[in-house]
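What follows is a set of notes on a single structure, which appears directly below.
Order of the sequence lines fixes the chain letters, A, B, ..., with proteins taken first and strands second; residue numbering starts at 1 for each chain.
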Amino acid sequence: MFRLRVLGQLLRASGAIRIAAVAASTFWLAGCGPVAGASVPGGDSAHGAKLIGHLGCGACHIIPGISQAEGLVGPPLDHFGRRMIIAGLLPNTPENLEAWLENPQAIVPGNAMPNMELKKDEARDIATYLYTLR
Amino acid sequence: MTFQVERVPHAGTATPSFRQRLEHIWETEPGVAGFFSTVDHKKIGIRYIITAFIFLAAGGIEALILRLQLARPNQNLLAPEQYDQLFSTHGMTMIFLYALPVLSGFSNYLWPLILGARDMAFPRVNALSYWLYVASGIFMYVGFFMGAGPNDGWFNYVPYANRTYNPGLSMDFYSLGMVFLGISTTVGAANFVVTFLRLRAPGMSINRLPVMTWGTLTASAANLLVVPSVSLAFFMLWLDRNFGTHFFDVSKGGQPLLWQHLFWIFGHPWVYALVLPAMGMVSEGLPVFCRRPLVGYSAVVLATLATMTLGFGVWVHHMFATGLPNLAMSFFSGISLIITIPSAVTVFCWTATIWTGRPVITTAFLFFASTIILFVIGGVSGFMTGSVPADWQLNDTYFVVAHIHYVLLGINVFPVCGALYYWFPKMTGRLLDERLGQWNFWTMFVGFNLAFLPMHLTGLLGMPRRIYTYPAGVGWDTLNMITTIGAFILAVGVLLLFINVVTSLIGGALAGANPWDAPTLEWSVPSPPPPYNFAVLPKVASRYPLWESRLQASRGASSVTEGALLDHERETFGVTPLDGEPDIILKMPFDSYAPFVLTVGTTAIFVGLLLHRHLWPLAIVGAVIAAASLLAWLWPERRLGQTVEAAP
Amino acid sequence: MNAINRDTRRASRALAPLAFGILSLFALPARAAPPLTYMIGDGPKAYPVVSLTWGLLIISLIVITIMTVLVCLGAVHRRSPRGDLSIEAVPLLHGGAGLRWVGFGVVITGIVLFGSLIWTMAVLARVSNPPAGKSPLTIEITGQQWWWKARYLSADPSKVLTTADEFHIPVGQPVRVKLIGADVIHNFWVPALTGKMQAIPGKINETWLEASKPGRYRGQCTEYCGWQHAHMAFFVVADPPDVFQAWLTKQLEPAAPASAQDQHGQQLFQQHCGLCHTVRGTLAGGTVAPDLTHVMSRETLAAGTLPNTPGNLVGWVANPQSIKPGNNMPDLFLSGPDLTDITTYLRTLK
Amino acid sequence: MTDAASALPVGSVDRRASGWYGVLCLIATESALFVYLLFSYYYSAVQLPPTWTPEPHPSFAYSLPATIAMLLSSAAVWWSTRSLHGRALGAHRLGLAFAIILGLIFFAFEGLEWASKPYMLSSNLYSSLFFTITGFDLAHLAIGIVGLCAVLIWSLLGYLDYRRESPTVIMAAYWHFVTAVWIAIFFTLYITPYFR
């Protein structure tokens, strides 16, 4: 019934470290956004982050820096800027990424990622944010 | 020694050889044997306090983990089920395993000393109530460590507690554990009531009783009347879960609201039982540091009695949102507001004591005086929730969480800390360090208020109770972070207290019999007191036996050096309840294993009931052990004057 | 009575900006008014309660201030010059006018309490029932683990609407709410409009609410009800009467027939989801989960857990147990194409 | 002690024994328990339609003789206590024996009553309440019978006389309390349904 035993889990070393880590980060009030470094010209990574939150990408993906982005449906997007292939198909270039974001169903029909009906500049902003995840 | 049916008690003063003889009669066997058989109220009292503080630490750690989870919105430190078990266990621990037992510990230790007797009325019952308390506490914590701690809050509403929605052993551990603990509370309460009525120094009439004893008396009397309610409710819940009864099962006519009634009929008086003894300790300690008797002894005593009496009639204010008729709600709302008056009387008496006294600012004074402020804050938030329409909004938000913490920390933990600073020298012979004490107080005071004062606002901004996470951007983020920081500061304060206790035990200044120049009987005996408490039983002629010579108004002539020498085995006086005139020489029991064995039997019963599907014979074995030890316990003993003298 | 009513109303309205100012000062990160505060209210049921709560709060603050000052001042002003532990050196005192001041304090306390009690009773009497003369709309709301179902009752069976988690009401018309607890006890609470009322199994409780201006009011379950008690929010949307009527008419309609490319999605939906969810006009007729006939007209999913966006919709359908652990919707282990078809279909349910 | 040289009794004597005050506390808390049990019954009776009781007119076939046995046993205990005061040890022991036998007769009637019911503990709310309330009463009665037996044995062993009467007095108080509880239960379960 219980997925985790409360204190047993908490007492295990990993749990203790996790609590310590949260305790430490809890008191670190300053925001800790990813390092700025736009690899997509003209993109606004802050706006991209906001869009990611609004669209609910976090329901399927783990995305560092986005609140509640802990989804386990699609691949985690941490270190996205260093990943090699997107959608298991295309090299991870800004052009490919933007195309994918605008219409994933066109690139891999029937895949689980919905068309978000993004505009070009919106896709660019999101891509900009994702590339900050190094 | 031949046994006399009647005797004229000899009066006199204590000589060293007499003291030695008493010591021999009263002392507990050293070592393991003595550990399990002692009935000395002082040893039991200290055990109670230490055990309660261990539970306080456990509950505190649980609270800190909860506060980490809530420090920021949308955190995932705890899964929902973990959070639910932690907050429920935190509540259960603090309310049932810390708050009352710690007060019972102080009362256990202090009552005979402050009343001028050599032990409690039922020393073996005293031992029993302690062992049962420990056993039931361990029982419930075993559940917690098995991942089956309570998970429906301390109030445990049905139907969520029923098997349909709550499979597993969580609720079985909790419901049986509560019945188990209820036995301990009940026998302990009966012991206090009888001790209050009967075991006092000669001359301690009802109007000369130390004010502290009134708090524990009213709490104990209330417990006798309300604990059966919650025990019954939990027993019915256990039957519902395990034997298919339908007390709370809607499909067969059961009534979920019956649970709420039974629970709060108990629950609200219980809250008063958690604070009245602590208020009694403030009434006892604060005047000593103000260098004067308490202003309005009679008023405070009557207020205590009135609070408890009215306290039986306010339980429905926990149920304003259950769709009761307006007339009923108006009535309970009225009583909930009126109950403020006796509390106000007490608060004003304390404040007047400060203003008409000469306060000496010690750590104990700081804790006692801060209690007044914290009580006022906890009291007015209670006043707000007593008003039905306001309660419809305030109830089940963090406003009420803040309220209950102001009540339970403000009028339980803070007075208990004060009491520890005040009576620690009596218990150990050493003073707690004052410098560390001031640090301890200010850390706790600042941490506590930082944690819980903003929490009122969190509540006014609408944060509901018992949610394991909350969304960002609804106005609660900063306040929750402040509360978490405050909680950790408070924890540091409590840690300082523990450090002070340990270091002072080893190297604290020696206290002497009466380091505070206090007026009551416990300060007339050495620190720590000998096993027999009083070599000669003191004679009391006023409320403040040790201050008589210096209070102009007092015409008393108490005597602590000359009095009855009761030394045929263990003896003390029984007195008439009103006048305090001795009417019997009571034979006190010797050390006994019966309470411990009875507890072992009782524990076996409860474990057998818990595992009744697999291990029901264990309950039978436990019942046999319990019955046998009880019969052995009650078997009339010639040494205790319970049988006819065999030969003339 | 009406005059008093109007006065309170005016006072409450005057108080509102002040209250908003104070509250938002403390809730700095929140840009708008904190959505769940009850120190600002709207509607004839909320106004008297808001005033009462503020009144009691102010009395409380005054009492706290006076007593704190008294205690601190007393301790400092009267403190013994010898602050050390040699208490014996400080002479004992006796007597003094303490009791007279106690009596004085008790009398004032009594008067304040009596006043508060009268005020309480007056407010209680005023908010117990919807104002007479207006015909109320009746909604039957069922709390269950962990969402809210609403049935808009009507004498005409074809006008009975079932929906979930977002309830529209007409501005200026009282709404009677009948509360049902389907499994365990829940607590219905819309802080800005009405106080709490428990939804208890085996008992039907009634409360009412009325909004006097359009808005989206957040509500929340406040009785601890299990794992996802934290995620059991709902919204009351107050619309002008004509907008409300339009909404009601639209909601009563069955779902539009699925277009050719959505046929497969609809089929999958009926197959995987239809035993729990209803989409009127299709074979999906389950009643244990929210009615999804017009799901896209709602702004949130899963009882206020997620904003209703395409991403969240897909994420929720694909893996509800990681988003809201323990909730009654199972992970369905759908394939990518099936997931896409189902969610594409759902997005047509406007 | 106020320098009056009056002699005081030593040990457990009559109602000055601590045990007497102890049993009063026990009676207080156990009375409260039965108050809450009966409260649960009346609460359900008020909330539910009159049809909630399976039998609109509960039978007195076993309950009335049981009640009479209970009252007689209380009388026997009273006689036993009184005899001890009057130093009549024989009558004292006889009274205890009568009380024990009458208690067992009550037990037997209650057993028949339980066996005669067409429903079980888990049938419905009423049956749950019925068996729990009477079950609690029987448990108290069983403890009382064991207690009376203990007092009888102590008396036969020569431990008790008119000066050492505390165990008898204390046990008698408990027994009268159990009788009073039964009367309240009898009134609730058997009489009140006729008022509806």
- Query: Rounded to the nearest 0.5 Å, how far apart are CZ of R7(B) and OG of S6(D)?
  - Reply: 13.0 Å

- Query: Y126(D), W52(D), F136(D): which one forms the most heavy-atom pairs within less than 4.5 Å of chain B?
  - Reply: F136(D)

- Message: Test side-chain contact (heavy atoms from CB on, under 4.5 Å) on F39(D) and L262(B); report intermediate values, then the result.
- Response: CA-CA 9 Å; F39(D) 169 80; L262(B) 287 176; 4.0 Å; yes

- Query: At what distance, to the nearest 0.5 angstrom, does CD of E581(B) lie from CG of L8(D)?
  - Reply: 10.0 Å

- Sub-3.5 Å donor-acceptor pair from the side chain of T29(D) to the main-chain atoms of L224(B), do we have one? yes

- Mind running side-chain contact (heavy atoms from CB on, under 4.5 Å) on L33(D) and S231(B) for me, showing each step along the way? CA-CA 9 Å; L33(D) 173 68; S231(B) 300; 5.9 Å; no

- Message: With a 4.5 angstrom heavy-atom cut-off, is it the side chain or the backbone of M236(B) that approaches chain D, or both, or neither?
- Response: side chain

- Message: Would Y43(D) and F247(B) count as a ring-ring contact (aromatic ring centres under 6.0 Å, His included) here? Give the steps.
- Response: CA-CA 11 Å; Y43(D) 182 82; F247(B) 298 109; over 10 Å; no

- Item | F590(B), CZ: over 12 other non-hydrogen atoms inside 6.0 angstrom | yes

- Query: Taking every heavy-atom pair that is under 4.5 Å apart, which of L257(B), V193(B), V125(B) has the most such pairs with chain D?
  - Reply: L257(B)

- Task: Using non-hydrogen atoms and a 4.5 Å limit, figure out which bit of S123(D) sits close to chain B: side chain, backbone, both or neither.
- Result: backbone

- Task: Against chain D, work out which of L634(B), L566(B), T245(B) has the most heavy-atom pairs shorter than 4.5 Å and name it.
- Result: T245(B)

- Task: Rounded to the nearest 0.5 Å, what's the gap from CH2 on W635(B) to OH on Y159(D)? Could you check?
- Result: 6.0 Å

- When heavy-atom pairs shorter than 4.5 Å are enumerated against chain B, which of I153(D), V146(D), L121(D) gives the highest number? L121(D)

- Query: What do you reckon, are the aromatic ring centroids of F196(B) and Y21(D) less than 6.0 Å apart?
  - Reply: no

- Message: For F248(B) and L125(D): C-alpha separation, side-chain torsions, deciding distance, then whether side-chain contact (heavy atoms from CB on, under 4.5 Å) applies.
- Response: CA-CA 8 Å; F248(B) 309 118; L125(D) 175 62; over 6 Å; no

- Message: I'd like to check T643(B) versus R164(D) (side-chain heavy atoms, cut-off strictly below 4.5 Å). Are they in contact?
- Response: no

- Taking all heavy atoms of E6(B) and all of P9(D), pick out the closest pair and write down the distance. CG-CA, 4.0 Å

- Note on the structure: Rounded to the nearest 0.5 angstrom, the CG-SG distance for L225(B) and C25(D) is 9.5 Å

- Task: Could you have a look at A121(B), S229(B), A190(B), G253(B) and say which one has the most heavy-atom pairs with chain D under 4.5 angstrom?
- Result: S229(B)

- Query: With no hydrogens and no angle check, is any side-chain donor or acceptor of R16(D) less than 3.5 Å from a backbone partner on G574(B)?
  - Reply: no

- Query: So L258(B) and Q47(D), side-chain contact (heavy atoms from CB on, under 4.5 Å) or not? Walk me through it.
  - Reply: CA-CA 10 Å; L258(B) 176 62; Q47(D) 298 290 326; over 6 Å; no

- salt bridge (Lys or Arg N to Asp or Glu O under 4.0 Å) pairs, two or more places apart, involving residues 245-265 of chain B: none

- Task: Provide the closest heavy-atom pair for S18(D) versus F122(B) in the form atom of the first, atom of the second, distance.
- Result: O-CZ, 3.2 Å

- Exercise: identify the closest heavy-atom pair between Q642(B) and S12(D): CG-OG, 3.3 Å

- Is chain B contacted by the side chain of S166(D), its backbone, both, or neither, given a heavy-atom distance below 4.5 Å? neither

- Item | Heavy-atom pair count under 4.5 Å with chain D, highest-scoring of T576(B), V194(B), I584(B), V226(B) | I584(B)

- Item | Per-residue contact mode, L24(D) against chain B (heavy atom under 4.5 angstrom) | neither

- Query: Has the side chain of H246(B) got a donor or acceptor atom that lies under 3.5 Å from a matching backbone atom of S122(D)?
  - Reply: yes

